[in-house]
Peer 1: 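Input: one structure, supplied below.
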Number of protein chains: 2
Amino acid sequence: MELTERKKKVLRSIVDLYIRTAEPVGSKAIAALPDMKYSSATIRNEMADLTALGYLEQPHTSAGRIPSAAGYRLYVDELMMDYRLSIDETKSINTAIEEKMQRVDKLVEKVAKLVSQATNLPAISAASRSSDAVVKRFELIYAGSGSFILVLMMPGDQVVNKLIKLPLNVEESDLKVLSAVLNAAMTDLPLEEMTAELLERVMRSAGAAGPLVPVILDFTQEMLKNHGSTNMAVYGQSRLLGLPEYRDVDKAQKILSSIDEDTLSNLPAVMRNANGTKVLVGPENVAQELKDSSVVMTKFDIGEGMQGMIGVVGPTRMDYAQVTARLSYFAETLSKAFAKPEQPQLPEAISEEPHKEA
Amino acid sequence: MELTERKKKVLRSIVDLYIRTAEPVGSKAIAALPDMKYSSATIRNEMADLTALGYLEQPHTSAGRIPSAAGYRLYVDELMMDYRLSIDETKSINTAIEEKMQRVDKLVEKVAKLVSQATNLPAISAASRSSDAVVKRFELIYAGSGSFILVLMMPGDQVVNKLIKLPLNVEESDLKVLSAVLNAAMTDLPLEEMTAELLERVMRSAGAAGPLVPVILDFTQEMLKNHGSTNMAVYGQSRLLGLPEYRDVDKAQKILSSIDEDTLSNLPAVMRNANGTKVLVGPENVAQELKDSSVVMTKFDIGEGMQGMIGVVGPTRMDYAQVTARLSYFAETLSKAFAKPEQPQLPEAISEEPHKEA
DNA sequence: GCTTAGCACTCAGGGAAATGGAGTGCTAAA
DNA sequence: TTTAGCACTCCATTTCCCTGAGTGCTAAGC
């Protein structure tokens with residue numbers, strides 16, 4: 001049996017309606033749609049075929065049909081109409097994003113919140129630094145009273161620092177020497193090349209400040225490691241409870257407890273190699289716990305060598321068209337916002353995002 | 001009518017039992033308790049009195065009694081037996097905390113998670129810096145290609161930095177002058193005293209680097225502001241769904257959507273002036289949404305002039321004794337962990353927590 | 001005077017049975 | 001090929017009844 005145009009149209013209508021109502025869809029309801037020119041009996045036949053083809057399911061004999069996972073898949077891939085954002089929607093997304101973005105971790109939280117609000121679903125947001133993690137320059141600032149500040153500068157104007165105290169007396173001149181040595185030997189090195197052997201060599205050349213080298217190297221390595229790490233936030237879990245599919249508390253708990261940073265942590269990885277917006281329908285999902293739900297996600301560019309990702313989790317019956325549209329618009333707007341940096345407070349000074357630490 | 005010892009004993013037993021079972025407690029059940037020497041009829045009389053006194057409520061005529069808010073209050077304040085942590089519990093809390101604590105925001109997340117696990121309830125954790133926010137020292141590092149790094153050092157060895165770029169050519173010597181001026185004029189000043197007048201004066205003395213002053217001041221002010229800010233995390237919301245009082249999805253959603261950073265943000269403030277462990281029973285709660293639930297929270301010391309707070313949210317029927325005990329132990333252990341800093345990697349170097357930024 | 005056995009009464013919760021209605025598949029006519 | 005018609009299925013809802021836990025009160029017992 002082949003999938004005629006009419007069958008597709010019927011399927012689309014069913015999915016559309018089911019997305020709206022969350023109730024099994026009957027032949028009458030479809031036949032009653034304004035642009036449906038056939039009687040309910042005809043629709044019934046088509047529905048029987050669609051069921052046989054595996055695109056629809058029937059909860060029980062005397063109920064309507066609901067889309068199967070395959071049905072949703074087809075819908076997402078071929079059938080759904082593009083959802084066009086209203087001016088209001090674009091506006092509210094725009095103004096939401098325009099507020100000054102702070103540190104990346106705050107950003108991630110904020111974006112998760114915004115996306116969750118915009119879609120009325122739980123949202124995930126993640127930012128991961130791309131792995132071009134090397135130190136461009138070392139800087140040692142003598143900080144008085146036997147301590148100094150180690151400053152690491154990385155590509156994309158990222159700066160990291162750490163205050164180090166030592167009982168042993170280090171002269172400011174020793175630090176100068178040490179920083180020269182470090183900059184000569186250890187810049188532009190990826191994590192893997194910072195070997196014990198290198199450590200020894202640097203220590204030997206460092207003279208009086210030699211004992212500091214291991215501390216510095218340690219911190220550097222830790223930073224480079226974290227540098228490739230992912231920052232993520234989840235927000236709005238409770239929105240699921242408003243949906244009829246989660247009226248059952250047990251189901252709700254199961255899904256809610258799996259929507260957290262831990263179980264969702266592999267989503268960003270899934271996204272890394274994907275392009276555009278990705279939809280994972282039910283059983284296609286990565287995590288076992290999500291196999292009754294769907295995930296829609298997309299990437300955006302943060303700049304400074306960082307990658308962002310936003311996504312939502314919802315019932316397989318979710319308004320894919322709308323969610324996809326909103327998510328994409330979000331991603332686009334975010335990418336744009338990062339591409340053109342904020343206006344500086346001072347006309348002739350271009351200043352980066354504030355870098356803050358604890 | 002006075003609250004005799006026997007009435008108290010009955011009340012305690014009722015609350016204890018209700019906490020365990022979540023079902024209205026009848027006179028028979030209390031009479032059957034091993035250390036209860038009276039018949040159910042006597043208990044019934046006592047229960048009638050306790051109801052008249054406002055400590056108990058009756059869902060309907062033929063049901064048992066449940067504690068009222070006043071009943072819980074009395075229970076928490078006077079009646080409940082201390083819960084003694086088992087060795088296993090203390091052990092698991094200890095090992096959980098012993099893992100190296102990273103940056104404060106990560107710490108907050110981690111603690112929230114641990115507390116949630118330990119109590120099987122949603123947990124809040126917050127850390128706020130005390131408001132002794134002043135800059136101890138300014139440092140300007142020339143970073144080549146028309147940019148420099150501004151480093152602010154604050155009390156408690158906190159260091160903050162920011163990379164600033166400028167098209168106008170600034171010599172390294174100008175930066176030296178500027179930093180001297182800044183250190184002379186702007187150290188140890190609280191936020192309030194950084195006035196426009198000061199800005200002007202500093203700009204005048206700064207010479208060639210004068211135009212940089214506003215940017216620097218701006219950033220400094222922003223940092224000082226954030227410095228007094230609160231970092232908080234909420235974890236384990238879904239645990240509520242396991243409890244019988246939240247079997248009703250609507251109730252569950254109501255409470256769950258109010259357990260987030262926003263609505264709970266005033267809890268740390270409540271805690272600030274309190275001592276020890278605080279229990280907010282039902283209607284005593286700050287937020288309207290929580291008036292059917294209870295909050296237990298306590299403070300701990302992070303050191304470096306920072307204050308921590310942990311708390312849990314749960315049904316009014318929660319095991320106050322156990323939760324209080326666990327929370328207190330957590331707080332104690334955390335305070336201790338921060339009091340004795342980690343061993344340094346290098347015997348003669350004491351290094352601070354890593355300071356990282358994006 | 002306190003305690004307790006006894007008893008009539010109340011009422012929520014649960015199961016069984018009855019009802020209604022939405023939806024189906026099939027057949028036969030258009 | 002489409003559609004009207006019809007018998008059939010079966011879920012969801014409602015209604016009803018019954019059970020049993022729990023109460024308050026009274027009167028007898030210690």
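Each chain gets a letter, A, B and so on, in the order its sequence line appears, and its residues count up from 1. From a predicted model like this one, the values you see are computed outputs, not experimental measurements.
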Peer 1: Please tell me whether A:S328 and A:Y83 have a donor and an acceptor in their side chains that are separated by less than 3.5 angstrom.
Peer 2: no
Peer 1: Would you mind building the protein contact string for nucleotides 8-16 of chain C? One character per nucleotide, 5' to 3', B for base within reach (heavy atoms under 4.0 Å), S for sugar-phosphate only, - for untouched.
Peer 2: --BBS----
Peer 1: Just the rounded figure in Å: distance from P of D:dA12 to CZ of A:R247.
Peer 2: 15 Å
Peer 1: Flag the pair A:K9 / A:D35 as yes when at least one side-chain heavy-atom distance between them is below 4.5 Å, and no otherwise.
Peer 2: yes
Peer 1: Suppose the criterion is side chain to side chain donor-acceptor pair (under 3.5 Å): which pairs have a residue in residues 11-21 of chain B, not counting sequence neighbours?
Peer 2: B:D16-B:Y75
Peer 1: In plain terms, say whether B:E261 and A:K113 are close enough for a salt bridge, that is, a side-chain N and a carboxylate O under 4.0 Å apart.
Peer 2: no
Peer 1: Side chain of A:S68, backbone of A:Y55: donor and acceptor closer than 3.5 Å?
Peer 2: yes
Peer 1: Taking side chain to side chain donor-acceptor pair (under 3.5 Å) as the definition, give me every residue that meets it alongside B:D292, ordered by chain and number, with sequence neighbours left out.
Peer 2: none
Peer 1: I'd like a list of close polar pairs between nucleotides 25-30 of chain C and the protein, N/O only, cut-off under 3.5 Å.
Peer 2:
| from | atom 1 | to | atom 2 | distance (Å) |
| --- | --- | --- | --- | --- |
| C:dG25 | OP1 | A:R65 | NH2 | 2.9 |
| C:dG25 | N7 | A:R44 | NE | 3.1 |
| C:dG25 | O6 | A:R44 | NH2 | 3.3 |

Peer 1: Using side chain to side chain donor-acceptor pair (under 3.5 Å) as the criterion, point out the one residue from A:E46, A:R65, A:E57 that pairs with A:T51.
Peer 2: A:R65
Peer 1: Could you check whether any side-chain N or O of B:D248 sits under 3.5 Å from a backbone N or O of B:D250, counting only pairs where one atom can act as donor and the other as acceptor?
Peer 2: yes
Peer 1: Does anything in residues 9-40 of chain B come within less than 4.0 Å of DNA chain C? Heavy atoms only, and list the residues if so.
Peer 2: B:K37, B:Y38, B:S39
Peer 1: Is there a donor-acceptor contact under 3.5 Å from the side chain of A:T316 to the main chain of A:S293?
Peer 2: no
Peer 1: Starting at CE of A:M47 and ending at C1' of C:dA22, how long is that distance when rounded to a whole Å?
Peer 2: 12 Å
Peer 1: Is the shortest side-chain heavy-atom distance between B:E245 and B:K251 below 4.5 Å?
Peer 2: no
Peer 1: OP1 or OP2 of C:dT3 versus the side-chain N and O atoms of B:T42: is any pair under 4.0 Å?
Peer 2: no
Peer 1: Side chains of A:T263 and A:D260 only: does a donor on one sit below 3.5 Å from an acceptor on the other?
Peer 2: yes
Peer 1: Atom pairs, N/O to N/O, protein against nucleotides 28-30 of chain D, distance under 3.5 Å?
Peer 2:
none

Peer 1: So does A:A274 get a backbone contact from the side chain of A:K299, meaning a donor-acceptor N/O pair under 3.5 Å?
Peer 2: yes
Peer 1: Round to the nearest Å and state the distance from B:L56 atom CG to D:dT23 atom C1'.
Peer 2: 14 Å
Peer 1: Measure the shortest side-chain to side-chain distance between B:R317 and B:P244 over non-hydrogen atoms and say whether it is less than 4.5 angstrom.
Peer 2: yes
